[in-house]
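Only one structure is covered here, and it is reproduced in the block below.
All figures in this text were calculated on a predicted structure; none of them were measured in a lab. Counting starts at 1 for both ligands and their atoms, in listed order.
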Amino acid sequence: MDHFNYVDGWLHAEEVSLSRIAAEVGTPVYVYSTATLTRHFRLFQQALNWTDHLVCFAVKANSNIAVLKLLGDLGAGMDIVSAGEYARARAAGVPGERIVFSGVGKTETEMRMALEGGIRQFNVESEPELEVLSRVAVSMGVEVPIAVRVNPDVDARTHEKIATGKSENKFGIPIARAREVYANAARLPGIKVVGLDMHIGSQLTDLEPYRQAYAKMADLTRALRADGHQITRLDMGGGLGIPYRRDNNAPPLPIEYGQVIRDAVGDLGCEIEIEPGRNIAGNAGILLSSVIYLKEGEGRDFLILDAAMNDLIRPAMYSAHHDIVPVREAAPGTDVAPYDVVGPVCETGDTFQKGTQLPTLAPADLVALRSAGAYGAVMASEYNSRPLVPEVLVNGDQFAVIRARPTLEEMLGRDTIPEWL
Ligand SMILES: *Cc1c(COP(=O)(O)O)cnc(C)c1O
């Protein structure tokens with residue numbers, strides 16, 4: 001459920017008409033709903049209320065500092081993968097004790113920054129990383145809590161570019177080597193083993209891969225304890241999918257996912273961490289865009305929007321589907337026609353949807369691309385020198401620009417011409 005609905009024939013974000021946002025901020029623009037973000041976060045809290053837990057929002061899904069502050073104020077922790085994300089989480093007021101550092105390529109500089117500023121735990125992804133982390137911690141005179149990310153070799157049954165839990169993926173340590181790696185970790189100075197971590201992929205629409213992975217996690221936890229390690233935290237990763245199509249079977253709910261966790265590891269007495277990103281932010285955002293032209297092609301009509309692949313790359317990158325709806329609600333019985341909905345960028349891949357059925361639209365009409373709150377703005381670029389897409393946060397009947405559209409001067413001002421040129 002989200003808070004983007006038609007009111008008096010116009011699509012609203014909560015109580016704010018999207019047409020008003022378009023008039024005041026311009027398009028394209030991302031619009032997020034506070035009520036939806038809050039609701040989704042709370043569903044995960046409730047799903048784990050049977051035990052000590054921390055819901056760490058995966059910052060890479062939507063890293064606007066206002067969004068992070070909203071979630072942080074509700075009690076969320078943060079799952080981060082870079083110095084930049086660490087800085088964003090801190091700027092949003094999230095204390096280091098609630099920040100988990102993930103990622104396969106953490107640099108020494110990033111480690112130092114997190115250890116200086118405070119961190120809950122590092123999710124270590126390789127032995128070389130473990131050694132560097134040990135060296136950095138010793139040089140700073142600190143002890144760093146770690147979990148090892150283990151790759152369970154489970155098929156997440158999702159798009160190949162976002163599956164992370166198969167042995168051929170770059171993530172984590174092969175499960176067969178886990179005990180040996182923990183033994184090494186326990187011997188390293190500056191390292192304190194506290195937990196075990198897995199993350200098998202994103203946009204999972206089936207609970208079975210989680211069941212398989214978490215069963216392996218439970219077995220491994222018992223084996224590690226038998227080896228003498230103190231495993232007090234289990235980081236179950238993120239990845240629960242969202243409905244991208246309104247007319248489709250909905251993926252499992254957070255409450256059902258929480259039950260899978262409880263069934264698998266509930267008897268181990270561990271604090272549970274989860275790292276949902278998409279499920280909290282995805283359906284809490286839309287990309288609002290205007291029609292520039294209607295163009296008749298051969299055997300097809302093109303709807304050319306002012307949003308493009310540089311603003312929302314998921315369709316081009318993952319062949320992802322986003323429902324496209326008119327902001328002015330079509331009257332019942334209105335004729336619809338198939339359109340190829342495209343952006344202005346000079347790439348054939350700049351296509352949001354092919355043959356999508358829409359009522360007749362005219363230049364300047366508004367459309368919303370739904371389910372765009374996660375992996376949308378964060379992946380935006382200025383390709384074709386289109387200024388970075390702005391973001392708006394709605395709360396009830398108010399809204400605020402939480403990232404302004406850069407002016408052309410600001411965009412150009414980031415380049416410098418060397419004096420010898
Ligand atoms: C991307 C990622 C997540 C979040 O995945 P979602 O599908 O957005 O829930 C969580 N943990 C790690 C380690 C990730 O890389």
>> Heavy atoms only: which of Ser102, Ser202, Cys56 lies closest to atom 6 (P) of ligand 1?
In response: Ser202
> Which atom names give the shortest non-hydrogen contact between Leu358 and Ile324, and what distance separates them?
Replying inline: CD2-O, 3.6 Å
> Under 3.5 Å, is there a donor-acceptor pair linking the side chains of Thr27 and Asp306?
Replying inline: yes
> Is there a nitrogen or oxygen of Gly277 sitting under 3.5 Å from a nitrogen or oxygen of ligand 1?
Replying inline: yes
>> Counting only heavy atoms from other residues, nucleotides and ligands, does the tally under 6.0 Å from NZ of Lys216 exceed 12?
In response: yes
> Nearest protein heavy atom to atom 13 (C) of ligand 1, by residue and atom, and its distance?
Replying inline: Glu275 OE1, 3.4 Å
>> Side chains of Glu127 and Asn184 only: does a donor on one sit below 3.5 Å from an acceptor on the other?
In response: yes
> Could Asp267 and Arg222 be called an ion pair, given the rule that one side-chain N must be under 4.0 Å from one carboxylate O?
Replying inline: yes
> Strictly under 4.0 Å, does any heavy atom of Asn279 approach an atom of ligand 1?
Replying inline: no
> Can you tell which part of Val81 has a heavy atom less than 4.0 Å from ligand 1: side chain, backbone, both or neither?
Replying inline: neither
>> Listing request: all side-chain hydrogen bond (donor to acceptor under 3.5 Å, both in side chains) pairs with a residue in residues 88-97, at least two apart in sequence or in separate chains.
In response: Tyr86-Arg90
> For ligand 1, which part of Pro276 has a heavy atom less than 4.0 Å away: the side chain, the backbone, both, or neither?
Replying inline: backbone
> Numbering the atoms of ligand 1 from 1, which are under 4.0 Å from a heavy atom of Arg278?
Replying inline: 6 (P), 8 (O), 9 (O)
>> I'd like to know whether ligand 1 has Phe171 as a neighbour, heavy-atom separation below 4.0 Å.
In response: no
> Listed by chain and number, what are the side-chain hydrogen bond (donor to acceptor under 3.5 Å, both in side chains) partners of Asp206, not counting sequence neighbours?
Replying inline: Arg157
> Going by the order shown, which atoms of ligand 1 are within less than 4.0 Å of some heavy atom of Arg149?
Replying inline: 13 (C)
> Do Gly239 and ligand 1 have an N or O pair less than 3.5 Å apart?
Replying inline: yes
>> One thing to verify: whether Arg20 and Asp397 come together as a salt bridge, which I'm taking to mean a side-chain N less than 4.0 angstrom from a carboxylate O.
In response: no
> Please state which protein non-hydrogen atom is closest to atom 8 (O) of ligand 1 and give its distance, to 0.1 Å?
Replying inline: Tyr375 OH, 2.6 Å
>> Tell me the protein heavy atom at minimum distance from atom 1 (C) of ligand 1, and give that distance in Å.
In response: Lys60 NZ, 1.2 Å
